[in-house]
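Encoded as structure tokens, the structure appears first; notes follow it.
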Amino acid sequence: MARGMRRPEGAGEEFDLAQMDREMEEMLRTRYLTKENASFQRTGGGFLSLTVDGESYPRISVARMFPFREKERYLSIRTVNERSKEIGIVNDMADFDEETRKMLREQLNLRYFTPIITKVVSIRDEFGYSYWDVVTDHGACRFTVRMGGNSVIHLSDTRILVMDIDENRFEIPNLEKLTSAERKKLDLFI
Amino acid sequence: MEKKPKSMREKLPGSLLACLKEQGLLAGKEEILYQTAVDMNTAGEYADGYILVAGERLIVAQLPPDKGRVHILKGYGDLAPAEGTDWVFRAFAVSALEGIWVEDCVGCSLLVARLEGEEIPLAALSNFRKRSVFDFARAVEGYARDGEYKPQREELEDYCPRCGRMYPNPNYKVCPHCVNRKSIFLRTLRYFKPYWRSVLIMFLCILATSALNMVWPYLNGTVLYDRVLAKDEGFLEGLGIPGGDFALALLLVVLTMFLTKLVLLLAQILQSVCASRTVINVVRDMKRDIFKMMAKLSISFYRSRQTGTLMTRVMSDADRVTGFYVDNAPYILVHGLTILFTVAVMWSLNWQMTILTLLLLPLLVVVSIFLQPRVWVMFGKRHRAERSLNNCVSDNLTGARVVKAFGQEKREIGRFSGYSERLKRSEVTISYWQNYFQLFYGGAQELAATAVWALGTVLILRRNESMDLGVLITFAGYVGQLQGPMRFLAQISHRIADSMNSAQRMFEIMDAAPEVQEAEQPKTLSQVRGEVVLEHVTFGYEVNRMVLKNVNMRIPAGNTIGIVGRSGAGKSTLVNLISRMYDPQEGKILLDGVDVKELSFKELRGNVALVSQDTYIFSGTVAENIAYSNTDASYWDIVEAAKQAGAHEFIMNLKDGYDTRIGASGHGLSGGEKQRISIARAILANPRILILDEATASVDTETERLIQCSLNHLTKGRTTISIAHRLSTLRDADYLFVIDNGEIAEEGVHQELENKKGIYYKLLELQTKALAMRGVE
């Protein structure tokens, strides 16, 4: 596999306990990224790179610490490889300029791709699986959900997350915004 | 070089091929070597696209997002090819490709390529596409690296041949839509076959009961009133009783009525005895079969499901299926017949009143069909509320120490009350609806009965020929008798569906094919020497995440080797492959030169014993636990094994020695004690190949030394594979492998690795220095 083609980090380096301790200390420390010390750049390919305090990272990923509650705050900026490490934390995206916000949002939208179900056309229940036909903010969608498991997760009383058999995600942010006929179709899961 | 499949072009939409040619990206006869479909773009929108390799080009073709197109994920019918005129292309040189792989995002995946040092997202994809895109990426990467064409893995045939829908689970080729309900019904029925006598008696009793029930209104209505009390001479003649002796006739009738009731009662008792006997037996048989099947299934089955919920669900499914067959199925026939007969009898008594009675019937049926699903959903809700409440209780029981330590009793009580409240609410709703139903049915019945009485009275007052008081009473009795069967039949469709669902779930497990299959004609090894060879082994639990990558290893018979690496490096996975808990995706594992896939499970696992980091203690005595692998072991064998494992002393400190009962999961034993018991278990198994997976991780240093000593005896003449974090454990190993990121990063004897100053050296230094600082060593 491709990522195996890279040499593992640290192989062949001289061992240095003090250096290791410094690394450990670093792992325990929280570094906040602000517009003063960090600058995000788009790479040629469409990913993001980051320069912070003079260090530069050719490709980073953005992860939400509380993905269901905080969309634009508490973001962990991480390196991208098999042992992904945190570079720093963005406390609030609003601290950055519009261009950076836009870049971060693009990354988040892709990483947390979750169509929002706006209309439930039909849900059919057949022998252990339910077949959903819905309309989302990304267009009409049909998918299959395993029954009886934890495929439908209640994030709150009115908000649910649906996972299909391949773990594609769909969200209903507010059940009360659906019509009562649609809610009745969902009755089996609520 | 293998032959290229011809169908690559055929699989692509015509409009795409046309556009490619137009743009000069594809020559007329140029071969398309690899291709795969993607369904998202890198902006995070659904958009159809294809990635293909044609000649020396890697081409990404994508249509702009089309919100009008229905996006179809797994489980639905065949996908229509994406056609369009506005294909957008990006082309890269295959020679510049340094790597191509699939990355996991949270709700989708990403296909990334590294081209001349830069990582570029090619396309995004829903997880539905992950498998095929992953296969594509692997094949393309191999092609770019070696320049040699190897075909990409064929996509699984995932479609139901009958309706064209995709199977939700390709490993278990059952289409939920087309599943043969009749066959499920019959298959379940087979479980009743051994108990056919009981079933027959039960059925006869049910028939007798309903027949007698049918006679009852006639006895207490027509016979009692119109014949005896109305002093019908003809009736006496018919019975052969001297004229005028109505007291005797009354006595006879009353006696008959009493006997009827008595027989009814006996039949009912007999029926319920037979029913419960059948149910108990059938449920036991079903559960036994499920358990048998579960034991055969591979570890991966348990990985992909929550074992606890699976178990309870299956167990209650067996009850539910059987319950239906005993409590409902026979009555379908009985109630159907009852309705037919009752209506026929009623018709013969008085047709006007029959019509009046049946007038309300369609309404009842319609309302039932309309309301029943709701009640069903409510039962589901109650079930879920019950489950949450149970979870809450079990959380608290197992986590009692934590709750107390943090002083959170109040909050837990609050949480429990919350769930109780929810359960209460759902119960209340159910009983509300049930009462509502009751009211409705009762009301309708009363209405019908009242109408019957009214019409009957009018008819009697008018001195209608066909109407007497007795007939009216008989008639009213039949009207009442009609209600039960009607209500039953209104609900039956849901009960059938529910029970068939349970049966289906049960058979899903019984039919699941174990992923790790035993060879049909296994080879036998006359004498196992214990040489283990791994050749190009690649394995991953998930499609795109390889835990082991192209691992090669040769372990000579009788050697002790150590495997070192960070946690999560793939060490445990590696030893799991040797005992065939899983099969590698690529490469093979040889035992004495024979592929382990060709050996019987008995031969393989009889020669490989694993002492793992998570010990498991079965409920039973200490001796039983040690002798788990070898039930024929003598007391001396058991004691000897325990001594070698350093367990004898602590066992003798237990009150009942080797006969001490230890509860499930070894309640009352410390982690180290459990570990020593599992080592003793492995020692007693006397395998040719011994795998120690962090076997001494949770014992103290002194005990570790002790076990180490005994292991030195134990490993003599055996192939031993030892995984350890503490490198001191491995000082006697003949050879060491360092695994990092699923690959063998370093290998050699201790001294070589130390001199190499690589990962091993780093770990070693870290451990000795850390120990030195604490003044331990």
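Residue numbers begin at 1 in each chain, while the letters A, B, ... track the order of the sequences. A quick note: this is a predicted structure, and the numbers were derived from the prediction, not measured.
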B/R90 atom CZ: more than 12 heavy-atom contacts under 6.0 Å: yes

Pairwise side-chain contact, B/E103 with A/V80, heavy-atom cut-off 4.5 Å (strictly under): yes

Under 3.5 Å, which donor-acceptor pairs link side chains of residues 114-122 of chain A to any protein atom two or more places apart or in another chain?
unit_1: A/T114; atom_1: OG1; unit_2: A/Y112; atom_2: O; d: 3.0
unit_1: A/T118; atom_1: OG1; unit_2: A/V135; atom_2: O; d: 3.0

Over 12 foreign heavy atoms within 6.0 Å of CD, A/E176: no

Per-residue contacts, residues 49-57 of chain A versus chain B, heavy atoms under 4.5 Å: none

Backbone of A/R59 reached by a side-chain donor or acceptor of B/E119 within 3.5 Å: no

B/N41 versus chain A, the contacting section by heavy-atom distance below 4.5 Å: backbone

Max heavy-atom pair count under 4.5 Å with chain B, selected residue of A/Q107, A/H138, A/E106, A/R169: A/H138

Contact winner vs chain A - B/P121, B/C108, B/C105, B/G44, heavy-atom pairs under 4.5 Å: B/P121

From CA spacing to verdict: side chain to side chain contact (heavy atoms under 4.5 Å, CB included), A/F143, B/S126: CA-CA 11 Å; A/F143 54 92; B/S126 71; over 6 Å; no

Euclidean distance, B/I72 CD1 relative to A/D133 CG, rounded to 0.5 Å: 9.0 Å

Within 6.0 angstrom of A/K71 NZ, more than 12 heavy atoms from elsewhere: yes

Single hit among A/T144, A/I165, A/N168, A/D164 for side chain to side chain contact (heavy atoms under 4.5 Å, CB included) with B/F128: A/N168

Chain A contact via B/L110 - which portion, at a heavy-atom distance below 4.5 Å: side chain

Atom CD of A/E86: over 12 foreign heavy atoms under 6.0 Å: yes

Structural part of A/E167 lying under 4.5 Å from a heavy atom of chain B: both

A/D97 atom CG: more than 12 heavy-atom contacts under 6.0 Å: yes

Spacing of A/D166 atom CG and B/R131 atom CZ [to the nearest 0.5 Å]: 11.0 Å

